Trainee: 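Quick one: this structure, given as structure tokens, is what I'll be asking you about.
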Amino acid sequence: MTMMFRGQLGTVRHVRVPIGPEPWREDGSFHLVHVGQSALILARPVERRQGRRSELVALTSRMRGLVPGGICVPDYAEFAELSHRLAGNEPVRPAQAPRTVRLDGWLADPPHLVERVDLRLPPTVLDPRAVARMGSALAAVPVHTPDPVMDPRAQRELAGPLARAALAADDLLVEDLLVRLIGAGPGTTPAGDDVVIGVLATLSAATGLPRANGLGPAHRLASQVAGLVDQTTAMSRHDLLAAVDGQFAEHVHGLLRALADPSLVTATIAHARTWGASSGVDHASGATAAARAALAHTSDHLPSRSTHVPRRSA
């Protein structure tokens with residue numbers, strides 16, 4: 001039996017949303033498909049997905065931060081109240097009939113402050129010291145699993161080759177690596193997808209990268225990612241399509257800031273380890289490997305600085 005949440009969503013003083021239309025102005029219901037400590041995931045019914053880039057809306061707490069196409073409720077008490085109103089104390093199980101939520105209840109009592117956030121990454125000047133420090137910090141993060149199927153390191157190791165292939169405009173190799181990454185690895189958002197998002201974030205933001213036939217490496221990579229998203233989960237497809245459109249979760253923005261500032265690395269890696277089972281570290285691994293590749297590529301293509309010593313005449 002479908003459970004319909006009726007009435008208002010409660011009084012929320014402050015929400016943060018991406019620049020664009022407010023999700024609660026959309027007419028129609030959503031299905032509650034995931035309940036976590038820091039996120040509630042809503043899915044549009046199949047009949048309302050036509051012509052839409054994504055089928056999901058994420059309601060998140062401050063701990064999770066704002067994600068593309070989502071609504072962040074930064075006050076912890078208000079998020080807890082909202083979660084209780086929508087989900088109660090029962091977990092969402094696949095075998096259950098979906099619980100139905102109408103966001104347009106907020107039209108009658110809208111949040112007092114709606115903060116609009118640009119989730120596009122700003123241009124970033126990579127700092128070699130920060131990139132090296134991120135790499136060392138990631139190498140020290142333990143992986144606690146005896147099951148090789150649940151070990152994300154196989155996907156993380158492909159981040160560097162993927163970034164180098166994109167920088168070299170090797171489209172065939174990019175495609176081969178993406179086929180091996182998208183939908184691969186453990187997690188509701190598979191590790192391979194999170195690695196791809198990290199690589200795409202750095203290649204989107206880093207300054208001074210090459211262009212081949214007028215296209216930068218991020219554009220070339222994104223165009224191939226878009227054609228492979230049906231290989232993965234709905235939640236991961238949402239994140240990948242947002243990244244293709246140049247929209248990244250605030251957590252990913254933090255990774256790029258750390259790659260430009262060594263003083264941010266320690267706190268950033270600590271936060272990444274709290275983001276999902278391994279997603280934060282997978283994102284960081286992809287972003288850092290791409291930063292290493294970008295710095296190496298830029299260094300290799302700098303003009304020679306050989307010194308000309310004029311001959312003395314006899």
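Keep in mind that what you see is a predicted model, and the values were worked out from it rather than measured. We use all heavy atoms of the structure for the numbers below, so side chains are in, but hydrogens, waters and symmetry mates are not.
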Trainee: Would L256 and T202 count as a side-chain contact (heavy atoms from CB on, under 4.5 Å) if you check the C-alpha gap in whole Å, the side-chain angles of each, and the deciding distance to 0.1 Å?
Mentor: CA-CA 7 Å; L256 268 295; T202 294; 4.1 Å; yes
Trainee: Applying side-chain contact (heavy atoms from CB on, under 4.5 Å) to L259 and T124, what does each step give before you reach the verdict?
Mentor: CA-CA 8 Å; L259 290 168; T124 301; 5.6 Å; no
Trainee: What's the separation between atom CG in D194 and atom CD in Q155, rounded to the nearest 0.5 Å?
Mentor: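 The distance works out to 10.0 Å.
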Trainee: Are the side chains of L138 and V281 in contact, using a 4.5 Å heavy-atom criterion?
Mentor: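 V281 vs L138: side chains touch.
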Trainee: What orientation do H251 and W275 show, parallel under 30°, tilted 30 to 60°, or perpendicular over 60°?
Mentor: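 It falls in the parallel class, under 30°.
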Trainee: Can a donor-acceptor pair be found, under 3.5 Å and without considering hydrogens, that links the side chain of T233 to the backbone of T188?
Mentor: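 Looks like yes, one N/O pair under 3.5 Å.
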Trainee: For R120 and Q247, indicate whether the former's side chain and the latter's backbone hold a donor-acceptor pair under 3.5 Å.
Mentor: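 Here the side-chain-to-backbone pair does not exist.
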Trainee: If you group Ile, Leu, Val, Met, Phe, Trp and Tyr by side-chain heavy-atom gaps below 4.5 Å, do M63 and L82 land in one group?
Mentor: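 In one cluster with M63: L82, no.
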Trainee: Is T60 reaching over with its side chain to a backbone N or O of G65, donor-acceptor style, under 3.5 angstrom?
Mentor: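 Pair found, side chain donor or acceptor close to backbone of G65.
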Trainee: Is it true that D176 and R180 have a side-chain N and a carboxylate O under 4.0 angstrom from each other?
Mentor: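 So D176 pairs with R180 through a salt bridge.
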Trainee: Measuring from atom CG of L126 to atom CZ of R292, what distance do you get when rounded to the nearest 0.5 angstrom?
Mentor: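 One gets 12.5 Å once the value is rounded to the nearest 0.5 Å.
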Trainee: Verify the cluster assignment for L215 and L173: are they in a single hydrophobic cluster under the rule of side-chain heavy atoms below 4.5 Å apart?
Mentor: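 Looking at the clustering, L173 is in a separate group from L215.
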Trainee: Could you grab the distance from atom CG of L162 to atom CG of L177, nearest 0.5 Å is fine?
Mentor: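 Taking CG in L162 and CG in L177, the distance rounds to 5.5 Å.
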Trainee: List the steps and the verdict of side-chain contact (heavy atoms from CB on, under 4.5 Å) for L255 and M134.
Mentor: CA-CA 9 Å; L255 295 176; M134 284 279 279; 4.3 Å; yes
Trainee: With a 3.5 Å cut-off and no angle check, do the side chains of T189 and S279 form a donor-acceptor pair?
Mentor: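 On atom types as modelled, these side chains qualify, holding a pair under 3.5 Å.
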Trainee: With no hydrogens and no angle check, is any side-chain donor or acceptor of S83 less than 3.5 Å from a backbone partner on F79?
Mentor: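 Not a single qualifying donor-acceptor pair exists.
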Trainee: Take atom NE2 in H219; do more than 12 heavy atoms of anything else shown fall under 6.0 Å from it?
Mentor: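 For H219, atom NE2 is not crowded (no more than 12 foreign heavy atoms under 6.0 Å).
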Trainee: Do L203 and L167 touch side chain to side chain, with heavy atoms closer than 4.5 Å?
Mentor: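 When only atoms from C-beta onward are counted, L167 and L203 do touch, with a gap below 4.5 Å.
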Trainee: According to a 4.5 Å side-chain heavy-atom criterion applied to Ile, Leu, Val, Met, Phe, Trp and Tyr, with indirect links allowed, do V131 and V265 form part of one hydrophobic cluster?
Mentor: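 Yes, because V131 and V265 connect within a single hydrophobic cluster, where side-chain heavy atoms sit under 4.5 Å apart.
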Trainee: Determine whether R116 and V17 satisfy the following criterion, side-chain contact (heavy atoms from CB on, under 4.5 Å), listing intermediate values before the conclusion.
Mentor: CA-CA 5 Å; R116 289 174 172 79; V17 296; 4.0 Å; yes
Trainee: Between A39 and R64, which heavy-atom pair has the shortest distance, and what is it?
Mentor: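 So the two residues come closest at CB-NH1, 3.6 Å.
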Trainee: Does L209 reach the side chain of H297, with side-chain heavy atoms less than 4.5 Å apart?
Mentor: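 They are not in side-chain contact.
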Trainee: Hydrophobic clusters here meaning ILVMFWY residues chained together by side-chain heavy-atom distances under 4.5 Å, can you tell me if L59 and L66 are in one?
Mentor: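 No; L66 is not reachable from L59 via cluster members.
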Trainee: For a side chain to side chain contact (heavy atoms under 4.5 Å, CB included) with V114, tell me which candidate from R16, H14, E22 qualifies.
Mentor: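 With V114 as partner, R16, H14, E22 yield a single side chain to side chain contact (heavy atoms under 4.5 Å, CB included), made by E22.
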Trainee: With a 4.5 Å cut-off on side-chain heavy-atom distances among I, L, V, M, F, W and Y, is there a chain of contacts connecting V196 to L119?
Mentor: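 No; tracing contacts between hydrophobic side chains, which count when under 4.5 Å, never links both residues.
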Trainee: Is V143 close to P152 at the side-chain level, that is, under 4.5 Å between some pair of heavy atoms?
Mentor: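 P152 vs V143: side chains touch.
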Trainee: Looking at CZ of F30 and CG of L103, how far apart are the two atoms once the value is rounded to the nearest 0.5 Å?
Mentor: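 Going from the CZ atom of F30 to the CG atom of L103 covers 5.0 Å.
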Trainee: Can you tell me how far apart CD1 (I41) and CG (L56) are? Round to the nearest 0.5 Å.
Mentor: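 Answer rounded to 0.5 Å: 6.5 Å.
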Trainee: Is there side-chain contact between P68 and P18, with heavy atoms separated by less than 4.5 Å?
Mentor: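 They are not in contact (no side-chain heavy atoms under 4.5 Å apart), so the answer is no.
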Trainee: Strictly below 4.0 Å, N to O, side chains only: are E78 and R85 in salt-bridge contact?
Mentor: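 Between R85 and E78 there is no salt bridge, as every charged N stays at least 4.0 Å from the carboxylate O atoms.
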Trainee: List the atom of T232, the atom of S236, and the distance in Å for their closest heavy-atom pair.
Mentor: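 Heavy atoms only, the tightest pair is OG1-CB, 3.5 Å.
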Trainee: Can you check whether Q224's main-chain N or O pairs, donor with acceptor, with E175's side chain at less than 3.5 Å?
Mentor: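 The answer is no, because no donor-acceptor pair under 3.5 Å joins these two groups.
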Trainee: Output yes when R44 and E55 qualify as a salt bridge under the 4.0 Å nitrogen-oxygen rule, no when they do not.
Mentor: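 Not counted as a salt bridge, because no side-chain N and carboxylate O are separated by less than 4.0 Å.
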